[in-house]
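Structure first, commentary second.
Side chains are part of it too, since the values below use all heavy atoms of this structure and drop only hydrogens, waters and symmetry mates. Protein chains get the first letters and strands the later ones, always in sequence-line order, with residue 1 at the start of each. Owing to the predicted nature of the structure, the values given are computational and were not obtained by experimental measurement.
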Protein chains: 2
Amino acid sequence: MSRPTIQSPERGGARIRLLEAARDIIRAKGFAATSVDDLCKAAAVTKGAFFHNFGSKDALGVAAAEFWAETTSGFFAAAPYHDPADALERVLAYVAFRKAIIAGDLPEFTCLVGTMAQEVYSSSPDIRDACGRSIFGHTATLEADIETARRDHGITGNWTAESLARHTQAVIQGGFVLAKAGNSPDLARESLDHLDRYIRHLFHVTEEDET
Amino acid sequence: MSRPTIQSPERGGARIRLLEAARDIIRAKGFAATSVDDLCKAAAVTKGAFFHNFGSKDALGVAAAEFWAETTSGFFAAAPYHDPADALERVLAYVAFRKAIIAGDLPEFTCLVGTMAQEVYSSSPDIRDACGRSIFGHTATLEADIETARRDHGITGNWTAESLARHTQAVIQGGFVLAKAGNSPDLARESLDHLDRYIRHLFHVTEEDET
DNA sequence: CAATACATACCATACGGTCGGTATATGTCA
DNA sequence: TGACATATACCGACCGTATGGTATGTATTG
């Protein structure tokens, strides 16, 4: 871990440690309830480092949403649900994958940007928009597979790939809300079963046994 | 507006004005970002009144969730979607009704308890549980119609009425998250169209044209 | 007279943010 | 090569304010 240089200004250890702390703490406590001191303590840096890297707490929120977008898009790009040759199978594999990664404690699998957007959409448009870019950027990656599947299977319904991709996100986000309200990850998984069934219905695919 | 009496202690004007203020402000700013002073100012009462009626800010959060449960259950009980004789039609009318009431600005139609649960599920179990009771108490009112519809239409799928009722809530809550992230109510309505289509699929009903 | 339903003044602290300082790395020019 | 200027990354003390909460007083009601 060398010291940061002028060529690689992102190399500053404090910045990413703060972003990782933000990812973990904000998912558990929410943005407003997370203090700058909380973040500094968790990242083992001082306030000076915080305000050197981020001009304000709001700026940290925006950066955290962007950091989330980067890391999750890498995570999903490397995930195995892209393997099937058939586009529809990839879409169904995506849903199964989203279900499979719901494991452990709630703050570990819930969505940072969904939580933040819900909380600050009115008071901090910058954070809200950064969260929106993360969410809708992700739906865009699904949209291509859905559209391909739709064409390959000759499906002509009163819906668009874009809309179904967004609905998929809505189901996932809504599942998280219920899981938190009911304090049980099962509630998030449950809705993904319905989503799976819905997509199979849309594509006239017979339902598989669910595990 | 008489003074509260010992026979009707709920008659205190400050209490309900504070609860109404909480309902409106927390939906816009979130629970943590809403200060006690904010609420007192909006309700035109003093801090003394606040802490007389609620022992703490957390207690106000619990009371606000319970207030929400009461008012919304009254609202939905009086709604016209209960009119159809056929249970399935009532379920579909419910979805249509949920779509219809998505109007105006975001804080006016989004769900207080969904927002609060998402925010405080970890730091304030009391509020979280009160939110959970509100949400799952509402799904229970749908469950009966779904179960009746299922029996009347002789549907035997790999799902339960309870689960579909919860899924309905998940779609609604998720729609709110996307609507906030994208700053557009249309995103909440969109998912309800998918939900409508899903339910019709489950009950083998031909799709109607959507407005 | 006792209980309720407030009002007002006050308090300790936690909060976001600022500021002056220091250590290290890099470019450059004699 | 080395001295110097400059920029970056970070430290830690400090500040003004906002926050949740309290203590005391008072008008009204049964």
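Proximity of residues 28-36 of chain A to DNA chain C (heavy atom under 4.0 angstrom from any strand atom) is restricted to T34(A), S35(A), V36(A).
When rounded to the nearest whole Å, the span between CZ of F51(A) and C1' of dT8(D) equals 19 Å. Counting to the nearest Å, the P atom of dA5(C) and the CZ atom of F50(B) are 16 Å from each other. As rounded to whole Å, 15 Å separates atom P of dT8(C) from atom NZ of K41(B). For L60(A) and dG17(C), the CG to C1' distance is 13 Å, given to the nearest whole Å. Rounded to whole Å, atom C1' of dG16(C) lies 11 Å from atom CG of D58(A). Between the P atom of dG20(D) and the CG atom of L18(B) lies a distance of 13 Å, rounded to the nearest Å. One can place CG of D37(B) at 17 Å from P of dC15(C), the figure rounded to the nearest angstrom. Taking atom CG on N53(B) and atom P on dG21(D), their separation rounds to 15 Å, with Å as the unit.
With hydrogens and angles ignored, the 3.5 Å screen pairs a side-chain donor or acceptor of T168(B) with a backbone N or O of L164(B).
Checking dC6(C), dG17(C), dC10(D) against every side-chain atom of A49(A), the shortest atom distance belongs to dC10(D). Listed candidates were dT18(C), dC10(D), dA7(C). Nearest to the side chain of T46(B) is dA7(C). The V45(A) side chain lies nearest to dC11(D) when the options are dC11(D), dG21(D), dC6(C). Nearest to the side chain of H52(A), among dT19(D), dG21(D), dT8(D), sits dT8(D). Among the nucleotides dC6(C), dG16(C), dT19(D), the one closest to any side-chain atom of K57(A) is dG16(C).
Sorted by first and then second residue, the ring-ring contact (aromatic ring centres under 6.0 Å, His included) pairs with a member in residues 41-65 of chain A read F50(A)-F54(A); sequence neighbours excluded. Applying the salt bridge (charged side-chain N to carboxylate O under 4.0 Å, His left out) test to pairs two or more places apart or on separate chains, none has a residue in residues 105-122 of chain A. Within the structure, the salt bridge (charged side-chain N to carboxylate O under 4.0 Å, His left out) test picks out the following pairs touching residues 161-173 of chain A (sequence neighbours left out): E162(A)-R166(A), R166(A)-E190(B).
Applying the side chain to side chain contact (heavy atoms under 4.5 Å, CB included) test to A33(B) and every residue at least two apart in sequence or in another chain returns A32(A), K29(B). In this structure S123(A) satisfies the side chain to side chain contact (heavy atoms under 4.5 Å, CB included) test together with V120(A), sequence neighbours excluded. With sequence neighbours excluded, the residues forming a ring-ring contact (aromatic ring centres under 6.0 Å, His included) with Y81(B) are Y94(B), F97(B), listed by chain and number.
Over its full length, the helix from dC1(C)-dG30(D) to dA30(C)-dT1(D) turns its helical axis through 0°, comparing axes from the five pairs at each end and rounding to 10°.
Between the side chains of Y198(A) and H194(B), at least one donor N or O lies within less than 3.5 Å of an accepting N or O.
The base of dG16(C) lies close enough to the side chain of K47(A) for a donor and an acceptor atom to sit less than 3.5 Å apart.
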Throw together a table of side-chain donor-acceptor distances under 3.5 angstrom for residues 127-134 of chain A, partners on residues two or more places apart or in other chains.
residue	atom	partner	partner atom	Å
R128(A)	NH1	Y121(A)	O	3.3

